[in-house]
Amino acid sequence: MDLKDKTIGFALTGSFCTFARIFPQVEALISTGARVIPILSFNAYDMDTRFFTASDVLGRLTSATGEEPLHTLNEVEPIGPKHLLDLLVIAPCTGNTLAKLAAGIADTPVTLAAKSHLRNSGPILVAVSTNDGLAVAAKNIGELLSRRHYFFVPFEQDDAEGKPRSLVAKMEELPACAASALEGVQPQPILHR
């Protein structure tokens, strides 16, 4: 599917070490002709980390997209009622966010954006980045894989020796996966070696 003229919400959660791999994917989506609206979790919006300051993150996203990032519950709530998005991408998606999505908890801008978007049966593309993907978060990945409207960017162990339970999505596949999710197709294989 062509992404031209599609409106994509791009939600970032607090896997800050992955942000450097995320920014090029935002730009790649924009290069297809899609409109990208950034959405930030409370932590992604507010926290300065050893990887990026909060102002750097906001500046990069605003500059790339031409959109002010949505970062409050009030800002994301209209996504469903106003049919604002064709697709919601959650990248990176932490184990905490996976757990909330699996449990139906909508208390952050990202999880409420997902709930609001699902109101219209809109597709959600998840790009996992969590140190416990093959531990406690595995059940939440499994739960979301079994639900309609959730799609995953294929993922892999990012450091099988040093962090044997850690999973991270193959972020470079995100634009192709976005097109697949809009067609209702889960890219395969989901798990890379």
Side-chain angles (χ1 to χ4, degrees), residues 8-22 25-26 38-47 49 51 57 69-71 73 76-77 79-80 85 87-119 121-160 162-174 177-178 180-182 184-193:
I8 300 172
F10 201 108
L12 286 81
T13 68
S15 180
F16 301 102
C17 61
T18 316
F19 282 16
R21 295 179 57 204
I22 293 299
Q25 303 319 312
V26 170
I39 301 167
L40 298 173
S41 71
F42 295 127
N43 289 338
Y45 181 78
D46 280 333
M47 288 184 72
T49 70
F51 302 101
V57 172
L70 306 180
H71 62 94
L73 298 176
V76 300
E77 186 277 331
I79 285 172
L85 304 177
L87 172 68
L88 176 63
V89 173
I90 304 175
C93 186
T94 61
N96 185 57
T97 299
L98 286 168
K100 289 183 178 203
L101 293 170
I105 298 170
D107 64 350
T108 72
V110 173
T111 57
L112 183 58
K115 177 182 178 180
S116 191
H117 186 57
L118 285 170
R119 167 185 174 147
S121 300
I124 297 176
L125 179 63
V126 176
V128 172
S129 180
T130 177
N131 285 329
D132 63 357
L134 293 176
V136 71
K139 67 180 179 180
N140 299 319
I141 292 170
E143 176 64 32
L144 294 178
L145 280 169
S146 71
R147 291 191 190 166
R148 291 180 61 200
H149 312 300
Y150 277 95
F151 303 89
F152 279 75
V153 175
F155 48 82
E156 63 188 350
Q157 289 180 278
D158 55 311
D159 181 1
K163 301 185 297 180
R165 292 171 182 82
S166 182
L167 293 176
V168 68
K170 296 185 65 68
M171 299 302 178
E172 66 278 4
E173 295 183 17
L174 200 149
C177 293
S180 293
L182 282 165
V185 175
Q186 170 61 57
Q188 296 292 338
I190 296 174
L191 184 58
H192 281 252
R193 181 171 161 79

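We count residues from 1, following the sequence as given.
Under the rule for a salt bridge (charged side-chain N to carboxylate O under 4.0 Å, His left out), the partners of K170 that lie at least two apart in sequence or sit in another chain are E156, E172. Residues passing the side chain to side chain donor-acceptor pair (under 3.5 Å) test with T94, sequence neighbours excluded: T97. Here D107 pairs with K100 under the side chain to side chain donor-acceptor pair (under 3.5 Å) rule; sequence neighbours left out. Among residues two or more places apart in sequence or in another chain, the salt bridge (charged side-chain N to carboxylate O under 4.0 Å, His left out) test is passed with R147 by E143. Y150 pairs by the side chain to side chain donor-acceptor pair (under 3.5 Å) definition with nothing, not counting sequence neighbours. Residues satisfying the side chain to side chain donor-acceptor pair (under 3.5 Å) test with R119, not counting sequence neighbours, are none.
Between the CD atom of E173 and the CG atom of L125 there is a distance of 11.0 Å, given to the nearest 0.5 Å. In this structure, CD on Q157 lies 13.5 Å from NE2 on H192, to the nearest 0.5 angstrom. The CG atom of L101 lies 5.5 Å from the SG atom of C93; values are rounded to the nearest 0.5 Å.
For the pair T13 and T108, the minimum side-chain heavy-atom distance is 4.5 Å or more. For the pair P154/C177, a side-chain contact is recorded, criterion being any heavy-atom separation below 4.5 Å from C-beta on. Between F151 and P123, the closest side-chain pair of non-hydrogen atoms falls below 4.5 Å. L12 has its side chain within reach of F10: a pair of non-hydrogen atoms, C-beta onward, lies under 4.5 Å apart. You'll find the side chain of F51 reaches within 4.5 Å of the side chain of F16, heavy atoms only. Considering only heavy atoms from C-beta on, L118 stays 4.5 Å or farther from L88 through its side chain. Inter-residue side-chain proximity for L70 and P109 is flagged as unmet; no heavy-atom pair is nearer than 4.5 Å. Between T111 and I105, the closest side-chain pair of non-hydrogen atoms is not below 4.5 Å.
At a cut-off of 3.5 Å, with distance as the only test, a side-chain donor of S166 or D158 sits close to an acceptor on the other residue.
Y45 and F42 have their aromatic ring centers separated by at least 6.0 angstrom.
When atom types are taken as modelled, the side chain of H71 and the backbone of L40 share no donor-acceptor pair closer than 3.5 angstrom. Judged by distance alone, with hydrogens and angles left aside, the side-chain atoms of R21 form a donor-acceptor pair with the main-chain N or O of A169 at under 3.5 Å. In this structure, the side chain of Q186 engages the main chain of F152 through a donor-acceptor pair within 3.5 Å. Side chain of E77 to backbone of L112: no donor-acceptor contact under 3.5 angstrom is found.
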